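Bear in mind that the values here come from a model prediction, so they are computed numbers and not experimental data.
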Amino acid sequence: MAKEPEGDGTVTAPRRDRTHYLYIAVIAAVFLGAALGLLAPEFAKELKPVGEGFVNLIKMMISPIIFCTIVLGVGSVAKAASVGKVGGLAIGYFMVMSTVALAIGLVVGNILHPGDGLNLTADVAQSGQEQIKESESTVEFLIGIIPTTLVSAFTEGEVLQTLLVALLAGFAVQKLGARGEPIKRGIEHIQRLVFRILAMIMWAAPVGAFGAIAAVVGATGWDALASLAIIMIGFYLTCALFVFIVLGLLMRFIGKMNLFSLLRYLGREFLLILSTSSSESALPRLIAKMEHLGVSKPVVGITVPTGYSFNLDGTAIYLTMASLFIAEALNAPLSVGEQISLLVFMIIASKGAAGVTGAGLATLAGGLSSHRPELVDGVGFIVGIDRFMSEARALTNFAGNAVATVLVGTWTNEIDREQTKRVLSGEDPFDEATLLDDHSASAPSGGKPAGEGGS
């Protein structure tokens, strides 16, 4: 993030965001909850309602978050695609890579089985088996997606119905053209309110994490801690696999560039993200540095902001792996059909849904609620380690958007190869003074940068 010059020309460091202390509190709560679960398991089990209360607060926000982000997201896609070849290539690439990331998360999750053997709640597992036996037919399922009224999807908490209404509303606003702009601005204001409420709720995360972790560790002992370690390590390795192999190959054969050279060029931005757990903090720097790298301003101006809302590769991997972990921990694993259906849901619902702390949890809860409602309570278990995985999510999202900018520039012949060679070889270093001008600090259309603000 750019530093601001003072009146005497000196540069002061930006004030640290208050959520930094929230993250510290969550980490402390996790360790305290785990210690209590090991030392006083019977008492720790009694704290389960504390974790459930926090999950219920998150569930309360699912429908409004999905509605606002999807309506504004559809508008953003239309706007990006309308600028021509650059927007079309960017959107197409983002959709493909999000699908690839989600699929990788499913594959690795099925290989690791991180939550296998935990058996968190026998009652929940039983209800899950009963739900499988009493599953609706395909026709009944499709008919059930249609809400009774336009607003009943929100009052009844039906996620798929909310998704349908949001898609219809988004395309309707798009068709209205200029007349739909006031409606869109109104939804943007509602979205700000919704995310402000969610931000307030997230300050209860330390309490919720403490209760959830204490109850689980009290009931399962060291097995819970081992499973949490497996999913965290597995997630970090999966993100590394995606960045260094998938993105590395794309850069090598399409971008004609060495991935490690690009990552080294963006090293300062990665350190900034690592300290804030938010790729949003490096948005202005990424725009300025990609322009300096030789990618044209139009390509950077379209690809980077749009990618911050639609190219969340790390978040996509997290959503699928976390879903599988929760299902297995509750001894109610998802079938192959349910996993594919969940993947399709996440492709749509994850777009623009990771703008602030907690939105990723809400999207995760929404996906589980739409397929297996009895699994939503498991979100309270994973909230304790969500902070640890937000680092990898943010770094992966940022790397994915940097690579996407180079690839789109290559496909549209809007990249200066000579300039790129000079920059990556160190002959033409980036001038930090250019960041004192806020001209490059643009934001994605339709809302805020969705750079995984710790969500």
Side-chain angles (χ1 to χ4, degrees), residues 17 60-84 86-88 90-91 94-95 147 149-155 159 161-202 278-281 283-284 287 298 300-312 315 348-360 362-363 366 401 438-453 455:
D17 185 25
M60 178 180 72
M61 305 303 298
I62 292 174
S63 290
I65 285 174
I66 287 179
F67 178 79
C68 292
T69 54
I70 295 301
V71 172
L72 296 176
V74 170
S76 298
V77 172
K79 185 175 181 179
S82 67
V83 300
V86 174
I91 293 298
F94 295 156
M95 294 301 294
T149 67
L150 196 63
V151 296
S152 63
F154 302 97
T155 59
V159 176
Q161 292 182 2
T162 302
L163 186 63
L164 174 63
V165 172
L167 288 171
L168 292 174
F171 286 118
V173 170
Q174 175 189 331
K175 291 295 183 182
L176 286 172
R179 291 175 297 173
E181 284 302 313
I183 300 174
K184 188 176 178 182
R185 287 196 297 270
I187 295 175
E188 288 175 355
H189 290 308
I190 295 174
Q191 185 187 51
R192 291 191 187 99
L193 174 64
V194 169
F195 279 119
R196 174 59 60 185
I197 295 173
L198 183 62
M200 294 165 62
I201 290 173
M202 286 308 297
S278 171
S279 56
E280 176 184 338
S281 61
L283 172 61
I287 291 175
V300 175
I302 295 169
T303 306
V304 173
T306 307
Y308 262 64
S309 286
F310 295 93
N311 190 37
L312 304 172
T315 304
I348 300 174
S350 63
K351 302 308 173 195
V356 298
T357 301
T363 305
N401 284 316
D438 290 336
H439 76 281
S440 62
S442 59
S445 55
K448 71 267 164 262
E452 193 46 50
S455 63

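Between atom CZ of residue Arg185 and atom CD1 of residue Ile190 there is a gap of 13.5 Å, rounded to the nearest 0.5 Å. Arg192 CZ to Glu188 CD: the interatomic distance, rounded to the nearest 0.5 Å, is 6.0 Å. Taking NE2 from His189 and NZ from Lys184, the interatomic distance works out to 13.0 Å, rounded to the nearest 0.5 Å.
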Inset, instruction - Carefully, step by step, assess Val71 and Phe171 under the rule side-chain contact (heavy atoms from CB on, under 4.5 Å). - result: CA-CA 8 Å; Val71 172; Phe171 286 118; over 6 Å; no
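Put simply, the side chain of Leu150 reaches to within 4.5 Å of the side chain of Val165, judged on heavy atoms.
Under the side chain to side chain contact (heavy atoms under 4.5 Å, CB included) criterion, Ile183 pairs with Val173, Leu176, Ile187, not counting sequence neighbours. Under the rule for a side chain to side chain contact (heavy atoms under 4.5 Å, CB included), the partners of Leu168 that lie at least two apart in sequence or sit in another chain are Leu164. Listed by chain and residue number, Val194 satisfy the side chain to side chain contact (heavy atoms under 4.5 Å, CB included) test with Pro64 (two or more places apart in sequence, or in another chain).
Ala169 and Phe67 make their closest contact through CB-CE1, 4.0 Å (heavy atoms, listed as atom of the first residue, atom of the second, distance).
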